[in-house]
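Here's the structure we're looking at; comments come further down.
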Amino acid sequence: MTHASPPPDSGAPQHFPVVVVGAGPAGLTVGNILRAASVDCLVLETETREFVEQRPRAGVIEEWAVRGLEKRGLARNLLDRAELHTACEFRFDGERYRFPYGELTGSHHFVYPQPLLVTDLVREYADVRGGQIRFGVRDVRVHDIDTDRPAVSYTCPETGEHRVVHCDFVAGCDGAHGVTRAALPPERVRVARHDYGIGWLALLAEAPPSADCVLFGCHARGFAGQMPRSPEVTRYYLQCPPGDDPENWPHERVWEELQERLGASGVPPLAEGRLIEKRVLDMHDYVVEPMVSGRLFLAGDAAHLVAPIAAKGMNLALHDAFLLGDALVAHLAGGDDSGLGGYAEACLRRVWDYQEFSQWLSDVYHGPAAGDPFRAGTALARLRRLFTSQAAAAAFAEQYLGTAARY
């Protein structure tokens, strides 16, 4: 919750027009937009720089998001190094079905692991644009968000001093478990939540991808997915019970299930390798409304979480950041409040569009393993329709690429 009166500062008073809490893709993009407009801001991050630059996360970025980064001078390395994907492949009923969404839409995905993007954004913000950033801070608190002089306090990791930073606006970009979401007055907040009742075992393997695109295995034993990350490393997912222990999945069992669930007629076995990450994700979504309270504006996972079913989370964080960064610049540099006034509504239209698609896709992925013949039958009907109906294929491609959500 918000803390009304910050305790005394141990050092000299500080003021920044904007304090950004969180140095993920959303917070760093907001910070870079502000610095490009010569607006001073401070980014606070509880983890170290090394941690945020290496933390394994998403890797699929939609083309509109890349163009947004490019427009703001934040995509040079991405455009040089990212792989372009123009198709995905579904495997079900023992067969493989390639879906060439690039041919249908003229658009594609960029595969660029989030740690690389975060590294680029940190370097651009701190080393090139001279932005102020504090890593490893502790005890972050948000104060007085309903006044015209909010503040953020924290403990300095080097000295142990308590610092208070006054500001005009706070950008809450610190994720699902951060302090800014908790600072919203509970009587004004509605959290819409959906729990899928399933888990995904998230894996990173030191193995080359076994296909040149994303693979979706819709199987009676559970969903499996392959998401290429680099020529040497591949992300895999396996459907599992929610709350399952990763230790229940030794090397042999993981590869046996992946080979079975992603197997298809006429394709060679998957290339296997050492597993360098195993963790269980419980599949759920939430949306926090409002995303704004007073001078506090939430962005990214602080405001909404979409399960990795449709690879939408980082894209939504970037969409929020583009809108929030531009709106803050318009207000602080030119007195234009229209962007800030319409920020939450503009964000939430895309959020709900992506949530709906994620729920639809979950039924397709997980229906065959639901233990319900009716759900399994409808899931397979949807899959077959993608490859027999031009209208269904076009609608799926638009949603999968995010090109249908132009707001």
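Residue indices begin at 1 and follow the sequence shown.
Ring geometry, Phe396 versus Tyr400: the interplanar angle falls under 30°, so the pair is classed parallel (tilted spans 30 to 60°). The aromatic rings of Phe387 and Phe99 stand perpendicular to each other, their planes meeting at an angle above 60°, with 30° marking the opposite boundary. By the 30° and 60° cut-offs, the orientation of the rings of Tyr237 relative to Trp200 is tilted. Under the 30°/60° scheme for interplanar angles, the aromatic rings of Tyr101 and His109 are found to stand perpendicular.
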### Task
Please lay out, stage by stage, how Glu89 and Gln226 fare under the test side-chain hydrogen bond (donor to acceptor under 3.5 Å, both in side chains).
CA-CA 10 Å; Glu89 187 171 299; Gln226 175 204 265; over 6 Å; no
#### Entry: Test side-chain contact (heavy atoms from CB on, under 4.5 Å) applied to His166 and Arg149, step by step
CA-CA 7 Å; His166 295 279; Arg149 200 167 182 263; 3.3 Å; yes
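Partners of Ala303 under the side chain to side chain contact (heavy atoms under 4.5 Å, CB included) rule, at least two apart in sequence or in another chain, are Met291, Leu298. Taking Leu116 as the reference, Arg81, Tyr112, Pro113 meet the side chain to side chain contact (heavy atoms under 4.5 Å, CB included) condition, with sequence neighbours excluded.
Judged purely by distance below 3.5 Å, without hydrogens or angles, the side chains of His194 and Asp285 never pair a donor atom with an acceptor atom. Donor-acceptor pairing under 3.5 Å is lacking for the side chains of Thr155 and Arg163.
For the pair Tyr125 (side chain) and Gln132 (backbone), a donor-acceptor distance under 3.5 Å is present. A donor-acceptor distance shorter than 3.5 angstrom exists from the side chain of Glu45 to the backbone of Ala23, with no hydrogens or angles considered.
Each side chain to side chain donor-acceptor pair (under 3.5 Å) pair with one or both residues in residues 213-222, not counting sequence neighbours, appears once here: His219-Glu260, Arg221-Glu257.
Enclosure of atom CZ in Arg67 by more than 12 non-hydrogen atoms of other residues, nucleotides or ligands within 6.0 angstrom is indicated.
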